[in-house]
Student: 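The structure follows.
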Amino acid sequence: MSGRRKDRPWLMRTYAGHSTAEASNELYRRNLAKGQTGLSVAFDLPTQTGYDPDHVLARGEVGRVGVPVSHLGDMRRLFQDIPLEQMNTSMTINATAMWLLALYQVVAEEQGADPGKLQGTTQNDIVKEYLSRGTHVFPPVPSLRLTTDMITYTVGRIPKWNPINICSYHLQEAGATPVQEIAYAMSTAVAVLDAVRDSGQVPPEKFGDVVARISFFVNAGVRFIEEMCKMRAFGRIWDQVTRERYGIQDARQRRFRYGVQVNSLGLTEAQPENNVQRIVLEMLAVTLSKDARARAVQLPAWNEALGLPRPWDQQWSLRIQQVLAHESDLLEYEDIFAGSHVIEATVESLVTESLAEMDRIEAMGGAMAAVESGYLKSELVSSHAARRARIESGEEKIVGVNIYGTTEPSPLTADLDAAVMTVDPENEAGVVAALHEWRANRDEARAAEALAALKKAAAGTENLMEATVACARAGVTTGEWSWALRDVFGEFRAPTGVSSAPVAVSADAGTPLAAVREKAARTAEDLGTGRLRLLVGKPGLDGHSNGAEQIAVRARDAGFEVVYQGIRLTPEQIVSAAVAEDVHCVGLSILSGSHAELVPDVLHRLREAGATDIPVIAGGIIPPADAAALIGAGVAAVFTPKDFGITEIIGRIVDEIRKANKLDPLEVPA
């Protein structure tokens, strides 16, 4: 032993939740017993988007990618036997963040906890939902009001809580460069702080307390040096913005506080064992540098590109953190990069470019205006298209995907269907039945009165948090709370960014895209139509639209007329659009696991509409057994993350259109 004093380790979390509140509670208690030091709650998509489990859009989504929490009873069961006054809980929740925090506060009070001692974070960053993750509900202005009301409420009532986690994580997954990730996150923080300041709900002398509770949630990719420098640049810009724009003099209140989940987008379905070393490298980027070290870390599991990780897989990721923190000497030293001219030059470059991009956004009217205009989304779609083009060309190398594909059989994936956890399809019916029982047993008059008070507050200017807490106590459900606010605020469909994205792949003579263009044009001619028409649809509540957008952009560049109406559609809406637009193919993108329910429904409705000549293709995180079942049900082709060649996928779509229309196969030389 060196005898040097070790720093305290970061909070160690595992992002988890599935099936039911009871099952998730059991998982949390097991993880805490294994040495996890904080909780990170994953909510299912209906909870995140403000639907009860019995809503039509919730079908197939209940308990898939997180835990369903529909009311106070669910929240009680979720944290049963977990003393919340002693816990640090992170909740990845945005559009419905106010509602989930209210439920959490009420459960904590029922346990006898002092709200003033509660510690944790609600993500509550709606801007990145419009840009990348797709769980937004309300338009930007009322969404910002909800965020503002939460922040001002917690500063007074739950002062140790982080009411917002400015989240650049999903921006990187949507294609953001380090400069875009910094600039867009910082511009969001400025929009939020300006709104809180201008609301008049916080006295000027207390504004430093607001700034001190702003936290960030970032992504760490495999480009180790770049990611570590990004975190140092984040810290410098935050210090500058809070000092110069808001006059915060206390350096402790200006501290850049962030948690991290390392990059899930970079995890591969092919040779998934390689993901372990990727995860380790990405974790080092946010832990090695003491001056820019994460305050909390959660790591994905090696098999997340295949499906839902099992408890053992999550344990493996937790042990990676524990080995680094407790066996290595990392925490014994000052910042080991201080004085490096390479690091300093890289950080300065990131700071300069990020500030310039922030100035561009400011000139547009700020982050909210840049969302509404479509600028931010268009820039991300373009960046992602460029990255995909580099992967396809081999310029950006991914081991096991576009280089070194030869592999020995892996014992980890010998039985692919057993290598991930699956949610029992019968789970949804049980959750829905429990919801109906809750509604039947509550004081209906009290719930109705609470909802009426919420709508009245929303139509006025008062802080909505008190009315929301009253709804939680009255037994109101997640869907009822959200619909009450939808009635006042309306809903919002974010820009897709597809139409304005530039061409990212060359279509010069002799290129693969030129060959696919020729094949598409000749097929359109054979069918007697001007252009082939492709409908790209996202049924259900899965808002991760990056893949769908890239397919839409490449199909457009291959000469297709593309129909893409964005996220959150029912199978009925997709089929109606397919028939009305007279499309030649329907492509469905689902990453949430609801494909087994929703894709066959689209097939059935197309047959009922007499559109049997329209082939349906599916893409997403789809296990082999499910892919085989979809093919058996009539799906023409299934694509998963291992199919990284988008131009080849578009060519395959043309082939399926020819087959469905009984045209001879067509070979066009590249």
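For the numbers below, each heavy atom of this structure counts, side chains included, while hydrogens, waters and symmetry mates do not.
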Student: So which heavy atom on L267 is nearest to which on A301, and how close?
Tutor: CD1-O, 3.6 Å

Student: Find the distance between CE (M91) and OG1 (T121) and round it off to the nearest 0.5 Å.
Tutor: 9.0 Å

Student: To the closest 0.5 Å, what do you measure between CD1 (I657) and CD1 (I617)?
Tutor: 8.5 Å

Student: Within a strict 4.5 Å, meaning less than it, do heavy atoms of the F644 and R388 side chains meet?
Tutor: yes

Student: Ignoring hydrogens and geometry, is there a side-chain-to-backbone donor-acceptor pair from E428 to G60 under 3.5 Å?
Tutor: yes

Student: Among side-chain atoms of R319 and Q322, is any donor-acceptor pair under 3.5 angstrom?
Tutor: yes

Student: If you take all heavy atoms of L330 and L288, which pair is closest and at what distance?
Tutor: CD1-CD2, 3.3 Å

Student: Please report the shortest heavy-atom distance between I391 and N402, naming the atom on each side.
Tutor: O-ND2, 2.9 Å

Student: Indicate yes or no for a side-chain donor-acceptor contact from Q321 to the backbone of M12 under 3.5 Å, with no hydrogens or angles considered.
Tutor: no

Student: Would you mind telling me which of P272, S317, S264 makes a side-chain contact (heavy atoms from CB on, under 4.5 Å) with E304?
Tutor: S264

Student: Could you check whether any side-chain N or O of K538 sits under 3.5 Å from a backbone N or O of R568, counting only pairs where one atom can act as donor and the other as acceptor?
Tutor: no

Student: Return the OG to CG distance between S589 and D542, rounded to the nearest 0.5 Å.
Tutor: 6.0 Å

Student: Could you tell me whether a side-chain N or O of T570 sits under 3.5 Å from a main-chain N or O of Q573, the two making a donor and an acceptor?
Tutor: yes

Student: Heavy-atom count check: over 12 atoms from other residues, nucleotides or ligands less than 6.0 Å from F224 CZ?
Tutor: yes

Student: Could you measure the distance from the OG1 atom of T14 to the CD atom of Q261? Nearest 0.5 Å is fine.
Tutor: 9.5 Å

Student: In sequence, state the C-alpha distance, the side-chain angles, and the governing distance for L299 and E282, and then conclude on side chain to side chain contact (heavy atoms under 4.5 Å, CB included).
Tutor: CA-CA 9 Å; L299 304 182; E282 291 164 352; over 6 Å; no

Student: So V67 and Y28, do their side chains get closer than 4.5 Å, heavy atoms only?
Tutor: yes

Student: Can you find a pair of side-chain heavy atoms, one from F79 and one from M87, that are under 4.5 Å apart?
Tutor: no

Student: So does A21 get a backbone contact from the side chain of D74, meaning a donor-acceptor N/O pair under 3.5 Å?
Tutor: no

Student: Walk me through whether V286 and R293 qualify under side chain to side chain contact (heavy atoms under 4.5 Å, CB included).
Tutor: CA-CA 5 Å; V286 294; R293 183 171 293 149; over 6 Å; no

Student: Measuring from I650:CD1 to I653:CD1, what's the distance to the nearest 0.5 Å?
Tutor: 4.0 Å

Student: Determine the minimum heavy-atom distance between L171 and A185, stating which atoms define it.
Tutor: CD1-N, 4.3 Å

Student: Using atom types as modelled and distance alone, determine if a side-chain donor or acceptor of T20 lies under 3.5 Å from a backbone N or O of A23.
Tutor: yes

Student: Answer yes or no: is there a side-chain heavy-atom contact under 4.5 Å between V41 and L78?
Tutor: yes

Student: Can you see whether Q314 engages K34 through a side-chain donor-acceptor pair at a distance of less than 3.5 angstrom?
Tutor: no

Student: Can you tell me how far CD of E269 sits from OG1 of T413, rounded to the nearest 0.5 angstrom?
Tutor: 10.0 Å

Student: Any side-chain heavy atom of F560 within less than 4.5 Å of one from I551?
Tutor: no

Student: Please confirm whether the backbone N or O of C167 pairs with a side-chain atom of N165, one donor and one acceptor, at under 3.5 Å?
Tutor: no

Student: Does any non-hydrogen side-chain atom of F217 lie less than 4.5 Å from one of S90?
Tutor: no

Student: T96 side chain to T47 main-chain N or O, any donor-acceptor pair under 3.5 Å?
Tutor: yes

Student: Does R223 have more than 12 heavy atoms from other residues, nucleotides or ligands lying within 6.0 Å of its CZ?
Tutor: no

Student: Against R13, only a single residue in N88, T89, N31, T37 fulfils side chain to side chain donor-acceptor pair (under 3.5 Å); can you say which?
Tutor: N88

Student: Check V586 against A578 and note the closest heavy-atom contact, atom names and distance.
Tutor: CG2-CB, 3.8 Å

Student: Any side-chain donor paired with an acceptor under 3.5 Å for E173 and N546?
Tutor: no

Student: When you check the side-chain N and O atoms of R278 and N263, is any donor under 3.5 Å from an acceptor?
Tutor: no

Student: Under the side chain to side chain contact (heavy atoms under 4.5 Å, CB included) criterion, do L598 and L588 qualify, and how do the steps go?
Tutor: CA-CA 9 Å; L598 299 179; L588 303 176; over 6 Å; no

Student: Is the shortest heavy-atom distance from the side chain of R133 to the side chain of T92 under 4.5 Å?
Tutor: yes

Student: Below 4.0 angstrom, N of the basic side chain to O of the carboxylate: do E226 and K230 qualify?
Tutor: no

Student: In sequence, state the C-alpha distance, the side-chain angles, and the governing distance for W302 and L412, and then conclude on side chain to side chain contact (heavy atoms under 4.5 Å, CB included).
Tutor: CA-CA 10 Å; W302 68 277; L412 289 173; 3.7 Å; yes

Student: Between the side chains of D655 and R652, is the shortest nitrogen-to-carboxylate-oxygen separation below 4.0 Å, so that they form an ion pair?
Tutor: no

Student: Would you confirm whether Y258, through its side chain, and A292, through its main-chain N or O, come within 3.5 Å as a donor-acceptor pair?
Tutor: yes

Student: Could you check whether N25 and Q80, counting side-chain N and O atoms only, form a donor-acceptor pair closer than 3.5 Å?
Tutor: no

Student: Would you confirm whether Q172, through its side chain, and A220, through its main-chain N or O, come within 3.5 Å as a donor-acceptor pair?
Tutor: no

Student: Among N94, I567, T49, find the one that has a side-chain contact (heavy atoms from CB on, under 4.5 Å) with H136.
Tutor: I567

Student: Looking at R64 and E61, does any basic side-chain N land under 4.0 Å from a carboxylate oxygen?
Tutor: no

Student: Could you tell me if the side chain of R29 sits less than 4.5 Å from the side chain of I82, heavy atoms only?
Tutor: yes

Student: Work out which heavy atom in P615 is nearest to a heavy atom in A636; give both atom names and the distance.
Tutor: CB-CB, 4.1 Å

